[in-house]
Amino acid sequence: NCLVQEAYGVSSSPRRLSLRHLLVAAGSSPAAAQTAIGHFSDKHESPETWRVLLQRYQSVSSGCKETALLEFLRSCPLEKKIIFVHHRATLERLSHLILSEGIPFVRFEGAMSGPEKDRSVALFQQEVPVLLSTESGGEGRNLQFCSTLVNFDLPWNPMMIEQRIGRLHRIGQSREVFVLNLAVKGTLEEYILKILDEKINMFELVVGEIGAILGELEEEQEFGDWVFSAWMEAQDGDRHTAFEKLGSKLAQAQRKYEGVKVLDEELFGDAFVTE
């Protein structure tokens, strides 16, 4: 992380986008991090420190999130579960691990044809307990027969997290939706998860409310840009304070939203509906 911060301090905007991609990949899996570091080294100057970092990731046999995921899958072998990932390298890595465990699963990804996607969803509903999916997984499809969602890769944008939950939390869902979020301790993803859970109880919100809350933020940046800046511009000891401030702004935005909602209910009564 110090190496990325050092590069961030002297980088132009395009290079900062590459550094952000590096951080996202590092939070996903060792396989995704290796790919991202390799691409970064190919496009930019590649000092010895970057090559050493790449070698370190290449020496990692398994990530702790991967271990936690496999333990979870073993603990409830029959329960239907959809696992969301963002990076292609992570998708391939998890496919290999789940296959080696002998756990039946199907994949759902954007590169598949329409009939292939339909077949994966049908097999998931009728035969196999696990759907390993990219961001496009299940879009526009009926998945309320599944009530367990695993965010293996945690998006920096809360709207994307809500959209994933919304794929399961639809009319016809007969059970409470269980969401498992995987994040490595001390990473940016853990900080995001902490403020979303502790400051605004995101996973107890009605689908659609997070967008309204973010809309109350008096910031021009998108949430992902906001947390990236907070992470990169604060020293290790100051990150807790930086994210506490970010969380406080979120909580304030939620209070504004709740005030508007109460006013709407008073004005419109039964005609007011929260989607």
Side-chain angles (χ1 to χ4, degrees), residues 27-29 63 65-88 90-183 189 192-193 196-197 201-211 274-275:
S28 175
S29 69
K65 288 203 305 183
E66 296 169 353
T67 301
L69 175 66
L70 293 179
E71 290 177 356
F72 174 70
L73 295 181
R74 295 187 202 106
S75 70
C76 50
L78 301 180
E79 183 73 22
K80 298 286 185 183
K81 300 165 287 290
I82 179 168
I83 304 167
F84 277 107
V85 300
H86 178 72
H87 289 273
R88 176 82 182 181
T90 302
L91 182 77
E92 296 297 337
R93 171 64 177 168
L94 293 185
S95 294
H96 172 75
L97 290 175
I98 296 173
L99 184 64
S100 66
E101 287 288 317
I103 299 172
F105 76 101
V106 288
R107 289 167 47 152
F108 191 109
E109 52 188 306
M112 296 168 64
S113 67
E116 288 174 330
K117 293 177 180 178
D118 292 339
R119 175 170 171 76
S120 286
V121 172
L123 286 172
F124 179 45
Q125 181 173 11
Q126 300 167 11
E127 299 181 27
V128 302
V130 177
L131 179 69
L132 182 59
S133 176
T134 59
E135 210 62 59
S136 64
E139 189 171 354
R141 286 170 168 78
N142 181 347
L143 294 176
Q144 62 261 44
F145 58 85
C146 173
S147 62
T148 300
L149 183 154
V150 180
N151 286 315
F152 189 88
D153 290 342
L154 187 72
W156 293 8
N157 184 349
M159 292 287 290
M160 294 177 65
I161 301 174
E162 185 185 66
Q163 288 167 9
R164 291 177 175 183
I165 297 172
R167 309 268 170 86
L168 279 62
H169 211 296
R170 295 179 175 179
I171 294 175
Q173 176 60 262
S174 59
R175 295 182 293 171
E176 183 177 357
V177 174
F178 172 74
V179 181
L180 174 65
N181 300 297
L182 296 176
E189 287 75 17
I192 293 175
L193 183 59
L196 291 178
D197 190 28
N201 298 312
M202 177 178 168
F203 299 100
E204 297 179 16
L205 296 176
V206 174
V207 173
E209 288 189 306
I210 189 63
T274 301
E275 302 206 0

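Along the sequence shown, the residues carry numbers beginning at 1. Since we're looking at a predicted model, the values are computed, not measured.
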- Query: Can you check side-chain contact (heavy atoms from CB on, under 4.5 Å) on L196 and I161, steps first, answer last?
  - Reply: CA-CA 11 Å; L196 291 178; I161 301 174; 4.0 Å; yes

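- At a threshold of 4.5 Å between non-hydrogen side-chain atoms, the residues E66 and S29 count as touching.
- Looking at heavy atoms from C-beta onward, F84 lies out of side-chain contact with M160 at the 4.5 angstrom threshold.
- Here the side chains of K65 and D153 are in contact, with some heavy-atom distance below 4.5 Å.
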- Intermediate values then yes/no, side-chain contact (heavy atoms from CB on, under 4.5 Å), T148 and L180: CA-CA 8 Å; T148 300; L180 174 65; 5.9 Å; no

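- For the residue pair F124 and P129, the shortest heavy atom distance occurs at CE1-O, 3.5 Å.
- Looking at E116 and R119, their side chains never come closer than 4.5 Å, going by heavy atoms from C-beta outward.
- Residues E176 and S147 form no side-chain contact, since every pair of their non-hydrogen atoms from C-beta on lies 4.5 Å or further apart.
- When F72, F105, F152 are each tested for a side-chain contact (heavy atoms from CB on, under 4.5 Å) with I83, only one passes: F152.
- Residues meeting the side chain to side chain contact (heavy atoms under 4.5 Å, CB included) test with E71, sequence neighbours left out: T67, R74.
- With a 4.5 Å cut-off on side-chain heavy atoms, P155 and R164 count as touching.
- Within the 4.5 Å cutoff, the side chain of L73 has no heavy atoms near those of the E101 side chain.
- Note: T134 OG1 to H86 NE2 = 10.0 Å, rounded to the nearest 0.5 Å.
- A heavy-atom distance below 4.5 Å is found between the side chains of R93 and L97.
- To the nearest 0.5 Å, atom CG of residue L168 and atom CG of residue L149 are 5.5 Å apart.
- Tested against V130, the residues I103, L94, I82 include a single side-chain contact (heavy atoms from CB on, under 4.5 Å) partner, I103.
- Judged by distance alone, with hydrogens and angles left aside, the side-chain atoms of K80 form a donor-acceptor pair with the main-chain N or O of V128 at under 3.5 Å.
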